[in-house]
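Beneath this line is the structure, given in C-alpha cells, with notes to follow.
What you see is a predicted model; the values in this text were computed from it and never measured. Side chains are part of it too, since the values below use all heavy atoms of this structure and drop only hydrogens, waters and symmetry mates. Protein chains get the first letters and strands the later ones, always in sequence-line order, with residue 1 at the start of each.
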Number of protein chains: 2
Amino acid sequence: MLVSNNPSESKERLLDAAEELFAQKGYTATTLRDISSTLGLTHASLYYHFPGGKEELFVTVTRRNIRRHGEGLAEAIRRGEPSLRGKLQGAARWLLAHAPMDLIRLSHSDIPALQSSSANELMNLVYQEMILRLQKELVSAKEGGHIRADSDPGLLAGAFIGLIESLHSIPEFAARRGRIAMADELIEILLKGLEYKEGV
Amino acid sequence: MLVSNNPSESKERLLDAAEELFAQKGYTATTLRDISSTLGLTHASLYYHFPGGKEELFVTVTRRNIRRHGEGLAEAIRRGEPSLRGKLQGAARWLLAHAPMDLIRLSHSDIPALQSSSANELMNLVYQEMILRLQKELVSAKEGGHIRADSDPGLLAGAFIGLIESLHSIPEFAARRGRIAMADELIEILLKGLEYKEGV
DNA sequence: GTCTATATAAAGATAGAC
DNA sequence: GTCTATCTTTATATAGAC
C-alpha cells in the first residue's frame with residue numbers, strides 16, 4: 001500500500017526500544033540482544049540500521065532522548081500558567097512522566113565508556129537542552145523582580161532537575177504520596193526560599 | 001612479625017578497591033578484572049575472599065558503603081553546630097567529599113541485576129542509614145518549632161540527599177563555583193523556604 | 001593468598017543467504 | 001530488513017599448583 005511505511009518505520013521502533021532500555025539500565029548493562037529481543041529480532045539485525053554497533057546506537061538514541069527532554073520541557077514551560085510557579089510545575093510533571101534522566105550515571109558511567117568525541121557532544125546537549133531552558137526562565141523571573149536578585153539561575157536550574165529526578169528513586173522506600181504532589185511541595189518550598197512574588 | 005597483618009588486611013584492600021569502582025561505574029560496568037588489576041592481582045584471586053563471586057563482592061561492598069554513609073552522615077550531623085543549618089551543612093560537606101551514591105542507578109540498574117534477596121536488604125539499608133538519619137533531624141526541628149509545621153520530613157530528607165548528590169554531576173557543564181558553596185546556597189534557600197528560625 | 005590454566009557463557013561484531 | 005551461522009573478545013567462574 002502506498003499509505004504506509006516510510007523508509008524508517010522499523011528504525012523508529014528500534015530507537016524507541018533502545019531508548020527505553022538504555023534510559024533504564026544504562027549503556028553497559030543494556031545488551032544488543034536485550035534490545036533486539038523486545039522487537040522480536042535477532043541482534044544481528046541491528047547492524048543493518050547502525051553499522052557502528054552499540055556505541056552508534058547509544059549515541060543516536062541518547063541524543064534523541066536529550067532533545068526530546070528539551071522539547072518536552074520547553075512545551076511544558078510554554079503552555080500552562082506563565083508564572084514561574086506554573087512553569088516549574090509543568091517542568092516537574094513532564095520529568096516525572098518520563099523515565100529518569102540519570103545525569104550522574106550518564107556523566108560518571110555511560111560517557112566514560114564511549115571512545116569517541118561524542119561524549120562531549122552529549123554533555124553539551126544536556127546543558128543546552130535541559131539546564132539552559134530552565135535557566136532562561138529563572139533569569140527572566142530574576143530580572144522581573146519575582147525572585148531574589150542574588151540567586152544563581154544556573155545553579156538553580158541544575159539543582160532543580162536533580163531534585164525532581166531524584167523523586168524517581170524515592171517511591172522505593174518512602175512513598176506515601178504521589179510523586180507530583182511531592183514535587184509540588186518541594187516547588188513551594190523552593191519558591192518561598194527564593195522570596196517568590198507573583199505580581200511584578 | 002607479630003605486629004602486623006591481621007587475618008583480613010588484603011581483604012580490606014580488596015573491599016576498598018571494589019568500593020571505589022562499584023561506586024563509580026556501577027555493578028554491571030565494573031568487572032572483576034578492573035578490581036583485581038588495581039591491586040596487582042589476577043581476577044581469580046578474588047574468589048578466595050569471595051567464593052560467591054561478583055555478586056557477593058558487590059553486596060558486601062555496597063552494604064559497607066551504605067553503612068559508611070550512615071556513619072559519616074551521623075558524625076557530620078553530630079559535631080559542628082547543633083542548629084539545623086549546621087547539620088545540613090555538615091551532611092552536605094560529607095556527601096560532597098565522597099563518591100556520589102547514585103540512588104537512581106542503584107535502584108533502577110544495580111539492584112535489578114542481582115538475583116538474590118539481598119536487593120531488599122540494600123534498599124532498606126539506604127533508608128535506615130541515610131534517609132532516616134536526616135529525617136530524624138528534620139522531625140526534631142519541626143517539633144522544636146524551627147521549621148514549618150506542615151513540612152514532610154521524610155520527603156525533605158530524601159530530596160535533600162538527591163539534591164546534594166546531583167551537584168556531583170553539575171561541574172561538568174556549569175561549574176562556576178565550588179560544590180560546597182553551591183550546596184550552602186541551596187541550603188539557605190531550603191531553610192528560608194521552610195521558614196527556618198534558629199532561636200526556638 | 002595468589003597464581004596458571006581452563007571451562008563456560010555472554011556479548012559485540014561480521015559474512016552471506018533469503 | 002532480517003535471518004542463520006560464525007568469529008572474537010570479554011567476563012564470570014572453577015580446579016589445582018605453589
(message) Give the residues of residues 14-25 of chain A touching DNA chain D, defined as any heavy atom closer than 4.0 Å, sorted by residue number.
(response) none
Name all residues meeting the salt bridge (charged side-chain N to carboxylate O under 4.0 Å, His left out) criterion together with [X]; count only those two or more places apart in sequence or in a different chain, and write none if there are none.
X        : result
A:Asp184 : A:Arg93
A:Arg67  : none
B:Lys25  : B:Asp34

Rounded to the nearest angstrom, tell me the gap between atom [atom1] in [X] and atom [atom2] in [N].
X       : N      : atom1 : atom2 : value
A:Lys11 : D:dT2  : NZ    : P     : 12 Å
A:Leu46 : C:dA13 : CG    : C1'   : 11 Å
A:Phe58 : C:dG12 : CZ    : P     : 13 Å
B:Ile35 : D:dT12 : CD1   : P     : 8 Å
B:Leu41 : C:dC3  : CG    : C1'   : 10 Å
A:His49 : C:dT14 : NE2   : C1'   : 16 Å

(request) Taking B:His108 for its side chain and A:Ala23 for its backbone only, find out whether a donor-acceptor pair lies under 3.5 Å. (result) no
(message) So does A:Val59 get a backbone contact from the side chain of A:Thr62, meaning a donor-acceptor N/O pair under 3.5 Å?
(response) no
(message) Taking any heavy-atom pair under 4.0 Å as a contact, classify A:Thr31: base, sugar-phosphate, or nothing.
(response) sugar-phosphate
(message) Applying a 4.0 Å non-hydrogen cut-off, can you work out what A:Thr30 is touching in the nucleic acid: base, sugar-phosphate, or nothing?
(response) sugar-phosphate
Distance-only donor-acceptor hits, side chain of residues 50-58 of chain A, under 3.5 Å, sequence neighbours excluded:
from, atom 1, to, atom 2, distance (Å)
A:Lys54, NZ, A:Tyr27, O, 3.0
A:Lys54, NZ, A:Thr30, O, 2.8
A:Glu55, OE2, A:Gln115, N, 3.3
A:Glu55, OE2, A:Ser116, N, 3.3
A:Glu55, OE2, A:Ser116, OG, 2.9
A:Glu56, OE1, A:Gly52, N, 2.5

(request) Go through the structure and list residues passing ring pair (Phe, Tyr, Trp, His ring centres under 6.0 Å) with A:His69, not counting sequence neighbours. (result) A:Trp94
(message) I'd like to check the ring pair (Phe, Tyr, Trp, His ring centres under 6.0 Å) partners of A:His49; sequence neighbours left out, ordered by chain and number.
(response) none
(request) Quick one: list whatever passes side chain to side chain donor-acceptor pair (under 3.5 Å) with A:Lys192, sequence neighbours left out. (result) B:Glu195
(message) Please confirm whether the shortest side-chain N or O distance from B:Tyr48 to OP1 or OP2 of C:dT2 is below 4.0 Å.
(response) no
(request) On DNA chain D, check which nucleotide each of B:Thr28 and A:Ser45 is closest to and give me the residue with the more 5' one. (result) A:Ser45
(message) Does the protein touch nucleotides 13-18 of chain D at the base, only the backbone, or not at all? Give it as B, S and - per nucleotide, heavy atoms under 4.0 Å.
(response) BB----
(request) Counting heavy atoms from C-beta on, name the nucleotide in D:dG1, C:dC3, C:dG1 closest to the side chain of B:Thr42. (result) C:dC3
